[in-house]
Amino acid sequence: MSTNHFSEEVEARLKGFFNEIIDPKDMAKTIREVNYLLSLYFMRSRKTGEVELPNIDDDFYWLNKLAEVLDPYLDLR
């Protein structure tokens, strides 16, 4: 398993973004809403059995993972 580490500069910029510009919980909520709307649009625009967009499952998954990092809403401990 590989791990990626941000440089100190990138980490500082991300902290500044989430501490000064936007609340992580608000960003997570927005990501979840956009993810839902995109999924709904995609399902309504396709006929049953039609080939899906490449990587749509991965895209949905990773957007949800990002939202969970920002606000662990689905974390049931």
Side-chain angles (χ1 to χ4, degrees):
M1 180 170 132
S2 70
T3 57
N4 295 327
H5 298 283
F6 292 121
S7 68
E8 289 181 23
E9 178 188 351
V10 170
E11 234 178 278
R13 291 171 65 191
L14 282 170
K15 286 179 184 176
F17 176 79
F18 285 114
N19 291 332
E20 298 168 13
I21 298 174
I22 191 165
D23 179 49
K25 289 186 182 227
D26 289 339
M27 180 67 136
K29 181 181 176 187
T30 301
I31 290 170
R32 288 184 180 104
E33 288 172 351
V34 168
N35 216 8
Y36 170 77
L37 292 173
L38 288 172
S39 299
L40 190 60
Y41 168 78
F42 177 76
M43 288 186 296
R44 288 183 176 173
S45 68
R46 303 286 184 233
K47 295 179 181 175
T48 305
E50 195 172 293
V51 177
E52 75 264 0
L53 286 173
N55 303 323
I56 192 73
D57 293 336
D58 289 341
D59 297 342
F60 185 78
Y61 173 80
W62 287 113
L63 279 173
N64 277 332
K65 287 297 266 186
L66 176 59
E68 283 299 299
V69 167
L70 297 173
D71 178 29
Y73 179 76
L74 299 175
D75 190 17
L76 304 173
R77 291 185 199 184

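As the structure is a computational prediction, the values presented were derived from the model and not from experiment.
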For Leu38, which residues count as a side chain to side chain contact (heavy atoms under 4.5 Å, CB included) partner, sequence neighbours excluded?
Val34

Under the side chain to side chain contact (heavy atoms under 4.5 Å, CB included) test, residues paired with Leu40 that sit two or more places apart:
Tyr36, Met43, Arg44

Linking Ile, Leu, Val, Met, Phe, Trp and Tyr by side-chain heavy atoms under 4.5 Å, what else ends up with Tyr61?
Trp62

Using every non-hydrogen atom in the two residues, find where Ala28 and Ala67 come nearest and quote the distance to one decimal.
CB-O, 3.5 Å

To the nearest 0.5 Å, what is the distance between CD1 (Ile31) and CD (Glu68)?
10.5 Å

So how far is it from Lys25 NZ to Thr30 OG1, rounded to the nearest 0.5 Å?
14.0 Å

Please check if Val69 and Leu63 belong to a single hydrophobic cluster, counting links between Ile, Leu, Val, Met, Phe, Trp and Tyr side chain heavy atoms closer than 4.5 Å.
no

Answer yes or no: is there a side-chain heavy-atom contact under 4.5 Å between Leu37 and Tyr41?
no

Residues forming a salt bridge (charged side-chain N to carboxylate O under 4.0 Å, His left out) with Glu8, sequence neighbours excluded:
none

Can you name the one residue among Asp71, Leu66, Ile22, Ile21 that meets side-chain contact (heavy atoms from CB on, under 4.5 Å) with Met27?
Ile22

Could you pull out all residues at least two apart from Glu33 that satisfy salt bridge (charged side-chain N to carboxylate O under 4.0 Å, His left out)?
none

Under the rule for salt bridge (charged side-chain N to carboxylate O under 4.0 Å, His left out), what residues qualify as partners of Lys29, not counting sequence neighbours?
none

